[in-house]
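Worksheet for the structure shown next.
Atom set for the values below is all heavy atoms of this structure, side chains included, hydrogens, waters and symmetry mates excluded. Position 1 is the first residue of the sequence, and the numbers go up from there.
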Amino acid sequence: MSACVPAHADSARTEHVHPPHSPPPRGPRRFRVAGADVSASIAVFLIALPLSLGIALATGAPLQAGLVAAAVGGIVAGRLGGCPLQVSGPAAGLTVVTADLIQQYGWRTTCAITVLAGLAQLGLGCLRVARSALAVSPAIVHGMLAGIGVTIAVAQLHIVLGGTPQSSVPDNLVALPAQLANLRPADLAVSALTLSLLSLWPRLPGRAGQLLGKLPAALIAVAGATAVAAVAGLRLPKVDLPSWSSHALATLPEGPVLGLVAAVLTTTLVCSVQSLLGAVAVDKLVAARPGLTGRVKRSDLDRELLGQGAANIVSGSLGGLPIAGVAVRSTANVAAGAVSRNSTMLHGGLVVIAALLLVPALELIPLASLAALVMAVGLKMISLNHIRTVTRHREVLVYAVTTAGVVFLGVLEGVALGIAVAVGVALHRLTRTRITHDETEGVHHVHVRGQLTFLAVPRLSRVLHQVPHGADAVVELDGSFMDHAAFETLQDWQKTHTAHGGAVDVTGRRPGTRISEPADTDNCRCRPWTPWRNHQCERPPTAPPAGAARPDSAGDADAVAGASGRTDRAGRVAQADPAGPGRTEGADGPGGGRELARGISAFQRNTAPLMRGELARLAREGQQPSQLFLTCADSRVVTSMITSSGPGDLFVVRNVGNLVPLPGEEGGDDSVAAAIEYAVEVLKVRSITVCGHSGCGAMQALLSAEPGGAQTPLRRWLRHGLPSLSRVPGGAGADGADGYTDAGPRLAGRPAADTAEQLSLVNVVQQLEHLRAHESVSRALRAGDLELHGMYFHVGEAQAYLLAEDDGGAVFRRVLETDVTV
């Protein structure tokens, strides 16, 4: 009998009865919708309704097509997509593509192209290539969106002025003077009112502005313009929604095969890239919202592609516009407090209800108002922040070419041009190597900036031979790659130069960038991280005999601290100091100045060349830190490492137990209060962080302290932690294991390990309260110029927790690898 066959033939029919003392099995799970999702869906619906009509108007499609796409995007993409809080629907980024398709092939064939694009997205999702789509340079994506924005704005400007847009940007620009000469004042007035409300509504002052500002500006702008036009009796072209019985559906595509294939590829590309980039952006928004990270999963991009494909198939089949993730609606969804995909689906249902029941109200909207709304959306797609970013990364040429290509040639052509220019720029950077030579105090410096490939060998050789024979030379390699041809050229020149009595020092970006190997006089295996392991170096008692095998590998030899590759005038490798490289007079003794000098030497050799420019800037401009970081003096808490900060970023105050004495209780030690006042009043820091940590000796000392005893400096200082100790139930007098309860601040996902950890959490909250008692801090908090943050760092887990508030009180939540604050 097979092992897979049940022993009893009737086992499949065995009735399973729950144990007598267990609760009865639950019935089918009821569908529940959180109140936050309901309110968020209403907010998104109020934004989506006018935008969907406006985008349909901008493309030249039937206006019902925008409503169909909004409903399908909410229901289908919202249910099947991989990004729960992303809202899909007709997107401004697809306006130009769709308008071109409608003009070239007609509306019904455009619907068929949308269906085929959805099928292509399904295929890409099944192939799991969603991550690969994000490999497109951001400069190309931003340039594409900017080009589309320009095209939308120029076309809608004609409707704003009371005319009809042309088929392309050049034609619209040529026709603009005639349109300005024949503008219609009524259309212009309604458009101006729409733009004014759209701009001013979010800026309403006072408490009334805070309440009214919760209403979407897009809805207020269109509704206000519609109401004014109706009251004034203006005769304007308005929304025309024909009967749904005459709504045009998709048909078999007609046209040249190559043209249809190009149309499908263009639609697929724009829909997919915009949706995937939108999903990544929504992940960042979710990570920035306290309390939401654990409830909403990170986006599954392949599933998102499948959901978008299914939505496009349904939308195209029902006569709707192409669908993609929409940034404006997604941002509003997250900001409105949505916690699941139910908000997106409910918004789609509300669009269906509006399309069926609110047709008379929708037909009162002037087309000029919708055109002004879409024009504003198009202008926002030209982001100055994106332009500054691509300029800083020296990719403005890619951005400009992509934008111009989209404006004057089309989306697919513009993106293709942008990709070609991006590849060209990358090749140019790879082959462009800057090699300079200068002399300072008799030492010749050859600085190589860029990648050293065989293409740069002629220039490298020419510059190296400008160094006179017998001179001291320093070759600085400021790049991350050197091929074999460049290596041999540099090595041959070094041997020749040292043979003529010269000295060569080759330095690079990374430790181990060496042309010649150092002598093995010190069997030190210290790599960049080993100083944080207390410099556990192995030192042989005696030097190895001549001809003996090297005790360490070439990689270890490269990492020897102080082995900079310097050779003497006789061409021999300089012998390292027996006490270790960088040894100075008086720096002797195990664990003494030898390790200090070794670390300083490594800094001067490896880090200082990289940081010199930045530190020189800080020296000129002075310190301008963004935050005060108050933490414990524990040697295991490395503030720059756990916050990924650099010089000038943090103003750090460290003391035993990360304590903040209350004003007037310093007892002769005003150092912490002085640092707080200086940081807030002089440096104008924007935030203060109090950071506790696991295994804190100060917290253990507080728990184990006995009444009375000698008042040592340590005990006098720790009295500032007594308020924290009093807030831990059972903590006073406990030995760190007993007396722990769940009261007070807690860690999300697990209870505190013991009383000492609970005291560390309580202490962070208590010291934040002490901070608020300082006059400079309280004044800055009232003015809204300062924020306070609590943090807990678990040393053993290398895990950071940030303090947040929820219904249960103070909770420290894990900061995950995917968390990004925006």
Heavy-atom closest contact ([X] atom, [Y] atom, distance):
| X | Y | answer |
| --- | --- | --- |
| Pro366 | Ala229 | CG-CB, 4.0 Å |
| Ala146 | Ile382 | O-CG1, 3.9 Å |
| Arg341 | Gly78 | NH1-O, 2.6 Å |
| Ala376 | Leu198 | CB-CD2, 3.4 Å |
| Cys111 | Gly316 | CB-O, 3.4 Å |
| Ala225 | Leu197 | N-CD1, 4.3 Å |

Exactly one of Asn172, Val374, Thr95 should register a side chain to side chain contact (heavy atoms under 4.5 Å, CB included) with Gln156. Which one does?
Val374

N/O donor-acceptor pair under 3.5 Å between [X] side chain and [Y] backbone:
| X | Y | answer |
| --- | --- | --- |
| Trp201 | Leu212 | yes |
| Ser369 | Ile365 | no |
| Ser299 | Leu301 | no |
| Thr226 | Val222 | yes |
| Asp302 | Ala130 | yes |
| Asn312 | Ile323 | yes |
| Gln166 | Asp171 | no |

Would you mind writing out the side-chain donor-acceptor pairs for residues 413-422 within the sub-3.5 Å range, not counting sequence neighbours?
none

Distance-only check: which donor-acceptor pairs under 3.5 Å involve side-chain atoms of residues 37-57, not counting sequence neighbours?
unit_1 : atom_1 : unit_2 : atom_2 : d
Asp37  : OD1    : Val339 : N      : 2.9
Asp37  : OD1    : Ser340 : N      : 3.2
Asp37  : OD2    : Ser340 : OG     : 2.5
Ser39  : OG     : Gly35  : O      : 3.4
Ser39  : OG     : Ala36  : O      : 3.0
Ser41  : OG     : Asp37  : O      : 3.3
Ser41  : OG     : Val38  : O      : 2.6
Ser52  : OG     : Ala48  : O      : 2.7

side-chain contact (heavy atoms from CB on, under 4.5 Å) assessment of Val406 paired with Val96
CA-CA 9 Å; Val406 170; Val96 176; 5.5 Å; no

Are the charged groups of Asp300 and Arg303 less than 4.0 angstrom apart, N to O?
no

With the side chain counted from C-beta on, respond yes when [X] and [Y] share a heavy-atom pair under 4.5 Å apart, and no when they do not.
| X | Y | result |
| --- | --- | --- |
| Val160 | Met375 | yes |
| Leu367 | Leu236 | no |
| Leu305 | Ser272 | yes |

For residues 84-124, which residue pairs qualify under ring pair (Phe, Tyr, Trp, His ring centres under 6.0 Å), counting only residues two or more places apart or in two chains?
none

Rounded to the nearest 0.5 Å, how far does [atom2] of [Y] lie from [atom1] of [X]?
| X | Y | atom1 | atom2 | answer |
| --- | --- | --- | --- | --- |
| Glu395 | His142 | CD | NE2 | 9.5 Å |
| Thr331 | Gln86 | OG1 | CD | 9.5 Å |
| Leu122 | Gln308 | CG | CD | 11.0 Å |

Which residues share a side-chain contact (heavy atoms from CB on, under 4.5 Å) with [X], sequence neighbours left out:
| X | result |
| --- | --- |
| Ala120 | Thr268 |
| Thr344 | Val87, Asn333, His347 |
| Val326 | Ala91, Arg329 |

